[in-house]
Engineer: 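One structure, pasted below without further comment.
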Amino acid sequence: MLDLKFIRENLEFVKGKLSRRNQRVDLDQLVEMDRKRREVIQEVEALRNERNIVSEKIATLKQQSKDAAIEIDRMKLVSQKIKDIDINRAGIEENVQDFLLRIPNIPHESVVAGEDEGDNIEIKRWGEPPEFNFNPQAHWTIGEELGILDFERGAKIAGARFTLLRGAGALMERALINFMLDLHTREHHYEETFPPFLVNRISMTGTGQLPKFEEDLFRIVDSEYFLIPTAEVPVTNIHQNETIDEKSLPIYYTAYTPCFRKEAGSHGRDTRGIIHQHQFDKVELVKFTAPGTSYQELESLLENAEEVLKRLNLHYRVVSLCTGDLGFSAAKTYDIEVWLPSQGRYKEISSCSNFEDFQARRANIRYRPTSKAKARFVHTLNGSGLAIGRTMVAILENYQQEDGSVFVPEVLQPYMGGMEKIETPAS
RNA sequence: GGAGAGAUGGCCGAGCUGGCUGAAGGCGCUCGCCUGCUAAGCGAGUGUACGCCGAAAGGUGUACCGAGGGUUCGAAUCCCUCUCUCUCCGCCA
């Protein structure tokens, strides 16, 4: 959420910044509502002031056993008027608030203007794509052959975009989770957390999923619980409505959670395999920082996520999203894209963003500077470190052998009971 | 699921027979005084949000005692609904 006062005082600047996003916002309408809002506030507060003064007078009169009937009658009318105006004011303020919650964040100055992902800027590449002297298979073929990805059973149990992992597949899922959590907690100094997987509407609004993107979320019938689409939601909301001591910043959290997404807009995209699932596992990284350091913290967050791919020895590149491709809440985002041999292209496996104070204002997460100035909003950041399912896709495809077996990356072997290779049950 | 208790400022804790209570008292914190150092002591200050005035310093108004409604000229105080916490019983991984 943007600061209403900032919009009011920097209208042309904000308009210019938002025009580079692929979303249209009529700020003039907001400014007019805000003008009306302040007008009504002045009106009702003047009446309240009068009522307070006269009520005190009534109290005095009564103490002196004098008659206050005239004042009381007059205040009855004033109170009724206050009530009427208040209803109007509440309506206006709700409209203003709702409007504000639907305005996307302002892109950081370093974010390049562009239309869509085609305009994203490649920042770097790491490693080399593996070379095959045979035709590399897609992960769904490899996984089915090995008996570790069971798409038919997944669909039978739940439906499309659900997959049953079994045997070494299920084991690798668990191994990847543990490997990533161990790396981030032991070497990158994130605190491990294990949050609720269902959250309320307030938390979803705090991080920006609501009110605008409800159709992307799974919701529990007959209650106000939503299944989390990412650990970002419960973990960022850990400090909802809190004021943090500056001394304890920056705060680093990591969490493994399953993620649930309706994928409403992606019908027909990646229908095969486990690239787009309604349920997938992810290890997430979340940071709370002071405003001055958030961009250097974004760089180190990105490095922490990259480290996972480096240790798995998977070729990847990093792109900086352009204004048109930027998510609703983000001021700046780096995507890490891993190489998929079967597709001959890079596929997003992590998204690392700085939200600046956009989420903090919504979720009311502040910090008190040591200089005892007044509390300010923190900056929040998060990134996948990494998406587990897509990491498995990358491993299956990049480590595949001609005979259909798949080597287990060295760093994962201790997490898989020393297993070095996944082979077909028959062999 | 049943019965009961509670939610007040950074913290503890009064007020809850409605009217100088933004809120006693204590702790903490800040500044000053005092003190050879430390401790103690003394004095003053110490919330947030929004509106208006002001270049600013600041001034001023309104709101806020879990949340939302209601009664009343006036609500932290009375009534209703909800949320959360605690205790006991039942059930349960």
Side-chain angles (χ1 to χ4, degrees), chain A residues 1-11 30-101 194-206 210 219-220 222-226 234 237-249 251 258 357 360-378:
Chain A
M1 186 165 69
L2 303 181
D3 181 12
L4 180 57
K5 202 180 285 178
F6 182 82
I7 296 174
R8 189 194 301 151
E9 289 166 3
N10 304 276
L11 186 59
L30 175 68
V31 168
E32 172 54 24
M33 280 195 287
D34 176 47
R35 193 196 57 73
K36 183 72 189 165
R37 171 185 149 265
R38 285 181 294 154
E39 185 183 299
V40 172
I41 286 174
Q42 286 180 52
E43 194 182 352
V44 77
E45 289 193 348
L47 289 174
R48 281 221 174 87
N49 183 221
E50 183 186 0
R51 187 178 69 184
N52 286 344
I53 290 167
V54 176
S55 285
E56 227 168 281
K57 190 177 164 197
I58 291 169
T60 313
L61 286 174
K62 289 215 164 182
Q63 273 168 11
Q64 298 167 348
S65 309
K66 290 182 185 163
D67 182 45
I70 295 168
E71 282 78 8
I72 289 176
D73 279 350
R74 194 156 65 84
M75 285 308 103
K76 274 184 185 172
L77 294 176
V78 170
S79 271
Q80 188 51 48
K81 204 168 172 191
I82 288 172
K83 229 169 253 183
D84 293 343
I85 299 172
D86 242 351
I87 290 168
N88 186 22
R89 186 191 56 98
I92 293 171
E93 294 203 317
E94 200 183 315
N95 287 341
V96 168
Q97 187 66 8
D98 187 66
F99 200 109
L100 280 173
L101 287 172
F194 196 88
F197 301 160
L198 292 147
V199 301
N200 57 33
R201 188 171 282 276
I202 293 167
S203 292
M204 283 292 186
T205 306
L210 291 179
R219 178 169 159 203
I220 305 298
D222 289 340
S223 82
E224 277 297 277
Y225 293 131
F226 294 86
N237 278 289
I238 287 174
H239 293 297
Q240 176 200 114
N241 278 323
E242 291 184 13
T243 302
I244 302 163
D245 227 14
E246 185 173 25
K247 287 193 290 284
S248 35
L249 294 178
I251 297 172
D357 64 7
R361 184 172 289 106
R362 288 171 161 249
N364 189 28
I365 307 168
R366 296 176 299 167
Y367 76 101
R368 193 169 302 282
T370 37
S371 55
K372 72 177 176 173
K374 64 184 226 169
R376 299 179 61 189
F377 290 115
V378 300

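Chain identifiers are assigned alphabetically (A, B, ...) following the order of the sequence lines, protein sequences preceding nucleic acid strands; residue numbering begins at 1 within each chain.
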Engineer: What residues, two or more places apart in sequence or in another chain, satisfy salt bridge (charged side-chain N to carboxylate O under 4.0 Å, His left out) together with A:Glu50?
Structural biologist: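 Testing A:Glu50 for salt bridge (charged side-chain N to carboxylate O under 4.0 Å, His left out), a comparison that skips the adjacent residues, returns A:Arg74.
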Engineer: For residues 86-100 of chain A, which residue pairs qualify under salt bridge (Lys or Arg N to Asp or Glu O under 4.0 Å), counting only residues two or more places apart or in two chains?
Structural biologist: A:Arg37-A:Glu93, A:Arg48-A:Asp86, A:Asp86-A:Arg89, A:Arg89-A:Glu93, A:Asp98-A:Arg102
Engineer: Below the 4.0 Å mark, does B:rU62 have OP1 or OP2 next to a side-chain nitrogen or oxygen of A:Asn49?
Structural biologist: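 Yes, within the criterion.
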Engineer: Suppose we screen for side-chain hydrogen bond (donor to acceptor under 3.5 Å, both in side chains). Which residues come up paired with A:Asn241, at least two apart in sequence or across chains?
Structural biologist: A:Asn364
Engineer: Could you list the residues that satisfy side-chain hydrogen bond (donor to acceptor under 3.5 Å, both in side chains) with A:Lys66, not counting sequence neighbours?
Structural biologist: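 A:Gln64.
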Engineer: Identify, with sequence neighbours excluded, every residue that meets side-chain hydrogen bond (donor to acceptor under 3.5 Å, both in side chains) alongside A:Asn88.
Structural biologist: none
Engineer: Hey, is the side chain of A:Lys83 poking within less than 4.0 Å of OP1 or OP2 on B:rU72, counting only N and O atoms?
Structural biologist: no
Engineer: Heavy-atom contacts under 4.0 Å between residues 65-78 of chain A and RNA chain B, which residues?
Structural biologist: A:Ile72, A:Met75, A:Lys76
Engineer: Could I get the full list of side-chain hydrogen bond (donor to acceptor under 3.5 Å, both in side chains) partners for A:Arg35, not counting sequence neighbours?
Structural biologist: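 With sequence neighbours excluded, A:Arg35 shows a side-chain hydrogen bond (donor to acceptor under 3.5 Å, both in side chains) to A:Glu32, A:Glu39, given in chain and number order.
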Engineer: Based on Watson-Crick and G-U pairs with both distances under 3.5 Å, what dot-bracket line describes RNA chain B 5' to 3', crossing pairs as [ ] and inter-strand pairs as |?
Structural biologist: ((((((((.[[[..)...(.....]]]((((((.......))))))(((((((....))))))).[[[[[..)....]]]]])))))))....
Engineer: What does nucleotides 45-55 of chain B look like as a protein-contact string, B for base, S for sugar-phosphate only, - for none, at under 4.0 angstrom between heavy atoms?
Structural biologist: ---SSSSS---
Engineer: B:rG74, OP1 or OP2 - any side-chain N/O from A:Ser79 closer than 4.0 Å?
Structural biologist: yes
Engineer: So, using side chain to side chain contact (heavy atoms under 4.5 Å, CB included) as the criterion, who are the partners of A:Leu198 when residues are at least two apart?
Structural biologist: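 Residues passing side chain to side chain contact (heavy atoms under 4.5 Å, CB included) with A:Leu198: A:Ile220, A:Tyr225, A:Leu227.
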Engineer: What pairs with A:Pro258 under side chain to side chain contact (heavy atoms under 4.5 Å, CB included), at least two apart in sequence or on another chain?
Structural biologist: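 Side chain to side chain contact (heavy atoms under 4.5 Å, CB included) check on A:Pro258 returns A:Phe197, A:Tyr256, A:Phe260, A:Asp281.
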Engineer: Within a 6.0 Å radius of atom CZ on A:Arg8, are there more than 12 heavy atoms belonging to other residues, nucleotides or ligands?
Structural biologist: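 Enclosed: over 12 neighbouring heavy atoms sit under 6.0 Å from CZ of A:Arg8.
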Engineer: Any base atoms under 4.0 Å from A:Lys57, or only sugar-phosphate, or nothing? Heavy atoms, all strands.
Structural biologist: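 Nothing, no heavy atom under 4.0 Å.
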Engineer: Taking only residues two or more places apart in sequence, or in another chain, which ones meet A:Thr205 in a side chain to side chain contact (heavy atoms under 4.5 Å, CB included)?
Structural biologist: A:Leu101, A:Arg201, A:Leu210, A:Arg362
Engineer: Should A:Asn52 be listed as having a side-chain N or O under 4.0 Å from OP1 or OP2 of B:rU62?
Structural biologist: yes
